[in-house]
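Data block below; observations after.
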There are 2 protein chains.
Amino acid sequence: MGTINISRKQQVILKATELFKIKGYAATSMRDLANSLGIEAASLYSHIKSKEEILQSICFGMADEFTRALNAIETEDIPSSEKLQKGIAAHTEVIARDLDASAVFLNEYRHLSQPFLRDFLLLRINYINRFKKIIQEGISRREFKDMDEKLAVMTIFSSLNWMPNWYNPMGELDKKELGKQLANLLINGLNQKPL
Amino acid sequence: MGTINISRKQQVILKATELFKIKGYAATSMRDLANSLGIEAASLYSHIKSKEEILQSICFGMADEFTRALNAIETEDIPSSEKLQKGIAAHTEVIARDLDASAVFLNEYRHLSQPFLRDFLLLRINYINRFKKIIQEGISRREFKDMDEKLAVMTIFSSLNWMPNWYNPMGELDKKELGKQLANLLINGLNQKPL
DNA sequence: CCTACCGATCGGTAGG
DNA sequence: CCTACCGATCGGTAGG
């Protein structure tokens, strides 16, 4: 339970996150993971209880990050478009901070066993509903156009959640700028504003 | 090679598509597939050569559908926003026509072995670049706002490609309306137009 | 962190 | 489409 053990466990989880992203959870074996850490497969089990425990810690850890990022924004008394813009920026920030873990969170959660899968899906639906409320509010205030709410919220999430598949943090677009441009594109569209 | 064999092979691929979507390619065993067809695992091999052959036929079949849907649109002499709107509608139509195969195409292609993976990725990058050109054209004509092109094209694709995760063809939003609303949201944004 | 090993399951073949 | 079976690999344990 000393510092060394804790740190080693984190190394294991970090490397597993990387492999789960690249190959997928099911196609990543404990031997793959052990090899890329330079140890034997059996040795992993002095750090973690099971393969799934790693997936659980990634999925629920990220769920917690997303949830907390939204907490501050939700109750502010500002226009819906500003609230949405801040929500998008917060979500983008969490993803950009850890692209590998985000990819696993987004694509591999389905390999959680019960009751973890059920719990995870509840957290996710709650989070989505909080964004949905912001959009509904904006529509009822006639700030946003009157459109299918599910389509609007899913379009926003999909745009944000595809990021791990293309965003290069070393590229010319930095995290802050990315969040701003994404929010602007979704709220104001691709077309030039009329003068 | 009679009609019965061909039809049975299609049944196998159809059921495999469904399972690959739900459980993922790696986590779906040939015994899972055989069981859900009511036969023994070994019997599958009189219809298909290997597990991966199924994945190949799904991935390359869908790639072909997407490519062909775009062909007619590209060369029309119309405003960029109209071209983009038609491209989005065509892409949406292909996805909505087969949500399961689309999900496999989008998420499971990475389990293709070489040289299939390489070929697949080439087809995909070509397709994305065709959309990118439409956007670049619109920006240079000052029809679209001046923004990061990669971000714009990735945002559009992500919105379209998330559909298999949420769209219910039995719901209140029909395919045509979906394509229209998606294109409208991406091109004009969520905000109300100023009067 | 290792050696040695477990029962279960994998994709696939032989032969009918 | 089946029975019978293959070698390889899986996640994980015992014991040190």
Side-chain angles (χ1 to χ4, degrees), chain A residues 1-59 104 108-117, chain B residues 1-59 104 108-117:
Chain A
M1 279 299 178
T3 1
I4 287 163
N5 264 328
I6 290 172
S7 153
R8 195 59 171 141
K9 180 172 181 174
Q10 285 171 340
Q11 282 174 47
V12 169
I13 293 176
L14 214 65
K15 182 59 79 177
T17 305
E18 196 183 318
L19 294 181
F20 290 172
K21 180 189 176 164
I22 298 170
K23 308 184 56 158
Y25 176 78
T28 301
S29 73
M30 295 305 270
R31 281 155 185 87
D32 291 335
L33 177 55
N35 280 346
S36 71
L37 287 163
I39 60 176
E40 294 300 317
S43 308
L44 290 168
Y45 292 89
S46 38
H47 303 295
I48 47 107
K49 279 185 215 127
S50 67
K51 186 184 179 187
E52 198 189 307
E53 190 205 47
I54 303 176
L55 183 63
Q56 287 161 14
S57 88
I58 298 167
C59 289
V104 173
E108 306 299 329
Y109 69 85
R110 62 180 161 178
H111 298 290
L112 291 169
S113 63
Q114 298 292 9
F116 301 100
L117 180 57
Chain B
M1 280 299 180
T3 2
I4 288 162
N5 264 327
I6 290 171
S7 153
R8 194 60 171 142
K9 180 172 181 175
Q10 285 170 339
Q11 281 174 47
V12 169
I13 292 176
L14 214 66
K15 181 60 80 178
T17 305
E18 195 182 318
L19 293 181
F20 291 172
K21 180 190 176 161
I22 297 169
K23 307 183 59 159
Y25 176 78
T28 301
S29 72
M30 295 305 269
R31 281 153 183 88
D32 290 336
L33 177 54
N35 280 346
S36 72
L37 288 163
I39 59 176
E40 294 299 317
S43 308
L44 290 167
Y45 293 89
S46 37
H47 304 294
I48 48 107
K49 280 184 214 127
S50 66
K51 186 184 179 187
E52 198 189 308
E53 191 205 45
I54 302 175
L55 183 62
Q56 287 162 14
S57 88
I58 298 167
C59 289
V104 173
E108 307 299 330
Y109 70 85
R110 62 179 161 179
H111 298 290
L112 291 169
S113 63
Q114 297 293 9
F116 302 99
L117 181 57

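Per chain, numbering begins at 1; letters A, B, ... match sequence-line order. Values in this document were obtained by computation on a predicted structure and should not be read as measured data.
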- Is it true that A/K15 and A/E18 make a salt bridge, defined as a side-chain N closer than 4.0 Å to a carboxylate O? yes
- Query: Roughly how far, to the nearest 0.5 Å, is NE2 of B/H111 from OG1 of B/T28?
  - Reply: 9.5 Å
- Proximity to DNA chain C (any heavy atom under 4.0 Å), residues of residues 16-42 of chain A only: A/I39, A/E40, A/A42
- Among all residues two or more places apart in sequence or in another chain, which pass the ring pair (Phe, Tyr, Trp, His ring centres under 6.0 Å) test with B/F20? B/Y25
- Query: Could you give all pairs that pass the salt bridge (Lys or Arg N to Asp or Glu O under 4.0 Å) test and reach residues 28-40 of chain B, with sequence neighbours left out?
  - Reply: B/K23-B/D32
- Which range-with-range stems can be found for DNA chain C when each stem has 3 or more Watson-Crick or G-U pairs in a row and both distances sit under 3.5 Å? C:1-16 with D:1-16
- Message: Using 0.5 Å steps for rounding, measure from the OG atom of B/S46 to the CG atom of B/L44.
- Response: 7.5 Å
- Message: According to salt bridge (Lys or Arg N to Asp or Glu O under 4.0 Å), does anything in residues 42-53 of chain B pair up with another residue at least two apart or in another chain? List the pairs.
- Response: B/K49-B/E53
- Distance in Å, A/L19 CG paired with A/L37 CG, rounded so as to fall on 0.5 Å steps: 8.0 Å
- For B/I58 and B/I13 the tightest heavy-atom approach is CG1-CG2, 4.3 Å
- Message: Of all nucleotides in DNA chain C that come within under 4.0 Å of a heavy atom of chain B, which is furthest toward the 5' end and which toward the 3' end?
- Response: C/dC10 to C/dT13
- Message: Could you check whether any side-chain heavy atom of B/R8 comes within less than 4.5 Å of a side-chain heavy atom of B/I39, counting everything from C-beta outward?
- Response: yes
- Task: Quick one: pull up CD in B/Q56 and CG in B/L117 and give me the separation to the nearest 0.5 Å.
- Result: 11.0 Å
